[in-house]
Trainee: 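I am attaching a structure below and will ask some questions about it afterwards.
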Amino acid sequence: MGIDKPDVRFVIHHSMSKSMENYYQESGRAGRDDLKADCILYSGFGDIFRISTMVVMENVGQQKLYEMVSYCHNMHKCRRMLIAQHFDEVWNSAACNKMCDNCCKDISFEKKNVTDYCRDLIKILKHAEKLNEKLTPLKLIDAWMGKGVAKLRVSDVVSPKLPRDELEKIIVHFILQQYLKEDFSFTAYATISYLKIGPKAHLLNNEEHIITMKVKKSTKGFFKVELPQVSNSEAERKMEEKYSANFQNIDVKMCGNMLKRPHSETTKAKKRKLDNSVD
């Protein structure tokens, strides 16, 4: 706080701010000399519930946090336009000149029906209530994926064939749309966030009710590869041939992979990177 340095070239958030107002002020410290600067924000699934326990006692703290979460999870609208809309201002996305991470992407999006996913999560939560159990976000995902404590799993819920980070995005979407909600438990040492059925969940009693979510248009399918059965000796021989043939190129391939790998996958906590360059 109190930084008034004109030539700040980078403002990097290792986790999301508590509100859009905070983020706007903090990111605005970059490029005050009217030269190009970068504002980089890393956000992860766990950040939401960690910060939520910090702001739950504030008057509109949770509402402001969810506005920030919505900003982070919006992957198709101009970042500057999102900030302008939050402050009831008008911004033409064409004026961004492809300076934010969303505008510089050439990615198509489509609406995906995620209604069945929501119904499955509500079944798991109802099952947990019958057992007098509370589910943290991580336990809910584990039960959904068929992992974790066996008694929390529901037999007629089929585990989705999606990566864990995609399931996290879906759960966040349901929280923002109020099909799920946070519930807090206060102890002498900590505040714990649990997930419960939200105020809009009753709409799913209508079979015609549909929940959609914008996702990247898929260009690849998922294929199951069946490997031929080979004896141990033959397998060992093939492995030796494979590694001896690739030994000389391994350092080049490793370097190439490290260059291609986003920084978010090299950190211990997997986070998504949002760039918002300031011109």
Trainee: Could you tell me which non-hydrogen atom of Ser193 sits nearest to which non-hydrogen atom of Pro137, and how far apart they are?
Mentor: O-CD, 3.5 Å
Trainee: So does Leu35 get a backbone contact from the side chain of Asp33, meaning a donor-acceptor N/O pair under 3.5 Å?
Mentor: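 Yes; judged by distance alone, with no hydrogens or angles, the pair exists.
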Trainee: With a 4.5 Å cut-off on side-chain heavy-atom distances among I, L, V, M, F, W and Y, is there a chain of contacts connecting Ile107 to Met75?
Mentor: yes
Trainee: Are Trp91 and Arg79 close enough that some pair of their side-chain heavy atoms sits under 4.5 Å apart?
Mentor: no
Trainee: Could you go through Arg50 and Ser15, starting from their C-alpha distance and side-chain angles, then the distance that decides it, and tell me whether this counts as side chain to side chain donor-acceptor pair (under 3.5 Å)?
Mentor: CA-CA 10 Å; Arg50 176 179 59 82; Ser15 65; 3.2 Å; yes
Trainee: Look at the rings of Tyr71 and Tyr23 and say which category their plane angle falls in: under 30° parallel, 30 to 60° tilted, over 60° perpendicular.
Mentor: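 Judged by the thresholds at 30° and 60°, the geometry between Tyr71 and Tyr23 is tilted.
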Trainee: Just by distance, do the side chain of Thr187 and the backbone of Tyr189 share a donor-acceptor pair under 3.5 Å?
Mentor: yes
Trainee: Verify side chain to side chain contact (heavy atoms under 4.5 Å, CB included) between Asp183 and Leu195, making sure each step is shown before the conclusion.
Mentor: CA-CA 6 Å; Asp183 185 50; Leu195 288 182; over 6 Å; no
Trainee: Restricting to non-hydrogen atoms, name the atom on Ala30 and the atom on Cys39 that form the minimum distance, rounded to 0.1 Å.
Mentor: CB-SG, 4.0 Å
Trainee: Is the distance from the ring center of Phe87 to that of Tyr24 below 6.0 Å?
Mentor: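 Yes; Tyr24 has its ring centre under 6.0 Å from that of Phe87.
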Trainee: Between His127 and Lys151, is there a donor-acceptor pair closer than 3.5 Å when you use the side chain of the first and the backbone of the second?
Mentor: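 A pair under 3.5 Å: yes.
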Trainee: Are Arg119 and Ile122 side-chain neighbours, meaning at least one heavy-atom pair lies under 4.5 Å?
Mentor: no
Trainee: Indicate yes or no for a side-chain donor-acceptor contact from Asn205 to the backbone of His202 under 3.5 Å, with no hydrogens or angles considered.
Mentor: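 Such a contact is found between Asn205 side chain and His202 backbone.
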Trainee: State, with a plain yes or no, whether a side-chain heavy atom of Leu121 is found less than 4.5 Å away from one of Phe174.
Mentor: yes
Trainee: Identify the two heavy atoms, one from Lys196 and one from Leu125, that lie closest to each other, and give their separation to 0.1 Å.
Mentor: C-CD1, 3.8 Å
Trainee: With a 4.5 Å cut-off on side-chain heavy atoms, are Leu41 and Met68 touching?
Mentor: yes
Trainee: For Val172 and Ile48: C-alpha separation, side-chain torsions, deciding distance, then whether side chain to side chain contact (heavy atoms under 4.5 Å, CB included) applies.
Mentor: CA-CA 9 Å; Val172 171; Ile48 302 169; 3.6 Å; yes
Trainee: Short question: side chain of Arg9, backbone of Asp38 - any donor-acceptor pair under 3.5 Å?
Mentor: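 Flag not set: sc Arg9 to bb Asp38 has no pair under 3.5 Å.
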Trainee: Would you give the length of the straight line joining atom OG of Ser43 to atom NE2 of His13, rounded to the nearest 0.5 angstrom?
Mentor: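 Result: 11.5 Å between the selected atoms.
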Trainee: How long is the gap from CD on Glu89 to NE2 on His86, to the nearest 0.5 Å?
Mentor: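 That separation rounds to 10.5 Å.
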Trainee: Between the side chains of Ser19 and Glu67, is a donor N or O closer than 3.5 angstrom to an acceptor N or O?
Mentor: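 Side-chain D/A pair, Ser19 to Glu67: absent.
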Trainee: What are the two closest heavy atoms between Leu152 and Ala143, and how far apart are they?
Mentor: O-CB, 3.8 Å
Trainee: Flag the pair Lys64 / Lys18 as yes when at least one side-chain heavy-atom distance between them is below 4.5 Å, and no otherwise.
Mentor: no
Trainee: To the nearest 0.5 Å, what is the distance between CD (Gln62) and CD1 (Ile175)?
Mentor: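 The CD atom of Gln62 sits 9.5 Å away from the CD1 atom of Ile175.
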Trainee: For Asn59, look at atom CG and say whether over 12 heavy atoms of other residues, nucleotides or ligands are found less than 6.0 Å away.
Mentor: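 Atom CG in Asn59 is not crowded, with 12 or fewer foreign heavy atoms closer than 6.0 Å.
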Trainee: Taking side chain as C-beta onward, heavy atoms only, is Val215 less than 4.5 Å from Val114?
Mentor: no
Trainee: His173 versus Leu176: any side-chain heavy-atom pair under 4.5 Å?
Mentor: no
Trainee: May I ask you to test the Leu138-Phe49 pair for a side-chain heavy-atom distance under 4.5 Å?
Mentor: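 No, side chains not in contact.
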Trainee: Judged by atom type as modelled, is there a donor-acceptor pair below 3.5 Å linking the side chain of Asn102 to the main-chain atoms of Lys77?
Mentor: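 Pair found, side chain donor or acceptor close to backbone of Lys77.
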Trainee: Looking at SG of Cys100 and CZ of Arg80, how far apart are the two atoms once the value is rounded to the nearest 0.5 Å?
Mentor: 7.5 Å
Trainee: Between Arg153 (side chain only) and Ile124 (backbone N and O only), is there a donor and an acceptor less than 3.5 Å apart?
Mentor: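 Not at all, since once roles are kept as given, no pair shorter than 3.5 Å links the two residues.
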Trainee: Starting at CD1 of Ile40, measure out to OG of Ser27 and round the result to the nearest 0.5 Å.
Mentor: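 Atom-to-atom, Ile40:CD1 and Ser27:OG are 12.0 Å apart.
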Trainee: Begin with the C-alpha distance, continue with both residues' side-chain angles, and end with the deciding distance and a verdict on side chain to side chain donor-acceptor pair (under 3.5 Å) for Tyr66 and Glu182.
Mentor: CA-CA 11 Å; Tyr66 286 168; Glu182 284 186 88; 2.5 Å; yes
Trainee: Mind listing the closest non-hydrogen atom pair of Met16 and Gly44 along with its distance?
Mentor: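 Of all heavy-atom pairs spanning Met16 and Gly44, the closest is CE-O, 4.4 Å.
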Trainee: Has the side chain of Asn206 got a donor or acceptor atom that lies under 3.5 Å from a matching backbone atom of Leu203?
Mentor: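 No, the answer is negative, given that no donor and acceptor are paired below the 3.5 Å cut-off.
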Trainee: If hydrophobic clusters are built from ILVMFWY residues whose side chains come within less than 4.5 Å, do Ile171 and Val157 share one?
Mentor: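 Yes, because Ile171 and Val157 connect within a single hydrophobic cluster, where side-chain heavy atoms sit under 4.5 Å apart.
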Trainee: Go through the steps for Glu110 and Lys214 under the test salt bridge (charged side-chain N to carboxylate O under 4.0 Å, His left out), then give the verdict.
Mentor: CA-CA 6 Å; Glu110 62 183 352; Lys214 275 200 172 184; over 6 Å; no
Trainee: Should Asp7 and Lys5 count as an ion pair when the cut-off is N to O under 4.0 Å?
Mentor: yes
Trainee: Considering non-hydrogen atoms only, spot the tightest contact between Ala37 and Gly31 and give its length.
Mentor: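 Heavy-atom minimum between the residues: CB-N, 3.6 Å.
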Trainee: Report whether Met99 and Met81 are members of the same hydrophobic cluster (ILVMFWY, side-chain heavy atoms less than 4.5 Å apart, transitive linking).
Mentor: no
Trainee: Can you list the steps and then say if Trp144 with Lys139 is a side chain to side chain contact (heavy atoms under 4.5 Å, CB included)?
Mentor: CA-CA 8 Å; Trp144 194 16; Lys139 281 187 176 180; over 6 Å; no
Trainee: Take Asp156 and Asp120 through the test side chain to side chain contact (heavy atoms under 4.5 Å, CB included) and record every step on the way to the result.
Mentor: CA-CA 9 Å; Asp156 60 341; Asp120 285 346; over 6 Å; no
Trainee: First locate atom OG of Ser70, then atom CG of Leu65, and finally report the distance between them rounded to the nearest 0.5 Å.
Mentor: 11.0 Å
Trainee: Would you call Lys169-Glu166 a salt bridge at under 4.0 Å N-O?
Mentor: yes
Trainee: Would you indicate whether Met145, at its atom CE, is surrounded by more than 12 heavy atoms from other residues, nucleotides or ligands within a distance under 6.0 Å?
Mentor: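 Check passes, neighbour count above 12.
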Trainee: Check the side chains of Glu133 and Tyr194 for a donor-acceptor pair under 3.5 angstrom, ignoring hydrogens and angles.
Mentor: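 On atom types as modelled, these side chains do not qualify, holding no pair under 3.5 Å.
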Trainee: Using the six-membered ring wherever Trp is involved, compare the ring planes of Tyr179 and His209 and label them parallel, tilted or perpendicular (cut-offs 30° and 60°).
Mentor: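 Geometry flag for His209 against Tyr179: tilted rings.
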Trainee: With the threshold set at 4.0 Å, does a side-chain nitrogen-carboxylate oxygen contact exist between Asp106 and Lys98?
Mentor: no
Trainee: So, Arg29 side chain and Val8 main chain: donor-acceptor pair closer than 3.5 Å or not?
Mentor: no
Trainee: Consider only side-chain heavy atoms of I, L, V, M, F, W and Y, link residues closer than 4.5 Å, and tell whether Leu167 and Val149 are in one cluster.
Mentor: yes
